[in-house]
Amino acid sequence: MREPLRCREPAIATVQLDNEHVRVTRWDFAPGAETGFHRHGWAYVVVPVTDGELLLEMGDGSTATAKLSAGLAYQRVAGTEHNVVNAGPAPLSFVETELKALPG
């Protein structure tokens with residue numbers, strides 16, 4: 001699928017750990033910033049660092065919103081395809097841990 005041209009600021013991804021078992025990445029978003037459309041190759045766990053609200057643009061063209069609460073983790077399966085956008089008025093951060101033993 002070819003992604004449409006976007007004018008959003010990119011979120012900043014900082015890989016904190018990457019070994020044979022896990023990849024841990026901290027994501028920092030300015031208001032309106034996005035990850036860009038991507039597919040997760042492994043199951044993953046997200047731990048929000050800050051409260052916030054995400055806009056999720058899905059691979060099928062649908063959208064959803066998700067509220068984040070600092071410290072409240074959630075998980076997703078391998079194969080998830082989306083673009084993640086900070087839909088709130090304040091900066092937002094989370095730490096994502098990809099589990100390399102659980103590919104999709």
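All values below were derived from every heavy atom in this structure, side-chain atoms included, with hydrogens, water molecules and symmetry-related copies excluded.
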Between atom [atom1] of [X] and atom [atom2] of [Y], what is the distance when rounded to the nearest 0.5 Å?
X	Y	atom1	atom2	result
Asn86	Trp27	CG	CH2	13.0 Å
Glu81	Phe37	CD	CZ	5.0 Å
Arg26	Thr14	CZ	OG1	7.5 Å
Thr50	Phe94	OG1	CZ	9.5 Å
Glu96	Thr35	CD	OG1	9.0 Å
Leu102	Gln75	CG	CD	9.5 Å

Over all heavy atoms of both residues, which pair between [X] and [Y] is shortest? Give the atoms and the distance, please.
X	Y	value
Gly32	Arg8	O-CD, 3.6 Å
Pro31	Gly88	CB-O, 3.5 Å
Ala11	Ala33	N-CB, 4.0 Å
Pro103	Trp42	CA-CD1, 3.8 Å

Carboxylate-amine/guanidinium proximity below 4.0 Å for Arg39 and Glu98: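 The answer is no: the pair does not qualify as a salt bridge.
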- request: Using the side chain to side chain contact (heavy atoms under 4.5 Å, CB included) rule, take Val24 and Asp18 through it: C-alpha gap first, then chi angles, then the decisive distance, then the call.
  value: CA-CA 6 Å; Val24 179; Asp18 192 357; over 6 Å; no
Same apolar cluster (I L V M F W Y, side chains within < 4.5 Å links), Val77/Met58: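 Per the 4.5 Å side-chain linkage, Val77 and Met58 are not co-clustered.
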- request: May I ask whether Leu68 and Ile12 are part of the same hydrophobic cluster, defined by side-chain heavy atoms of I, L, V, M, F, W, Y residues being less than 4.5 angstrom apart, directly or through others?
  value: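 No, no single cluster joins them.
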Could you check whether any side-chain heavy atom of [X] comes within less than 4.5 Å of a side-chain heavy atom of [Y], counting everything from C-beta outward?
X	Y	value
Leu17	Thr97	no
Leu99	Val22	yes
Val95	Val49	yes

- request: Start with the C-alpha distance between Leu56 and Thr63, add both sets of side-chain angles, then the distance that settles side chain to side chain contact (heavy atoms under 4.5 Å, CB included), and finish with yes or no.
  value: CA-CA 5 Å; Leu56 305 170; Thr63 62; over 6 Å; no
query: Got a sec, which hydrophobics cluster with Val85, joining ILVMFWY side chains under 4.5 Å apart, including via others?
result: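 Direct or chained contacts put Val85 with Leu55.
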- prompt: Looking at His38, Arg76, Glu57, which one forms a side-chain hydrogen bond (donor to acceptor under 3.5 Å, both in side chains) with His82?
  reply: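 Option passing the side-chain hydrogen bond (donor to acceptor under 3.5 Å, both in side chains) with His82: His38.
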query: Can you name the residues that form a side-chain contact (heavy atoms from CB on, under 4.5 Å) with Ala70, not counting sequence neighbours?
result: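 Asp51.
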query: Between His40 and Tyr44, what is the ring plane arrangement, given parallel below 30°, perpendicular above 60°, and tilted in between?
result: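 Parallel: the ring planes of His40 and Tyr44 meet at under 30°.
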message: Please check: side-chain N/O of Lys67 versus main-chain N/O of Leu54, any donor-acceptor pairing under 3.5 Å?
response: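 Checked: no pair found.
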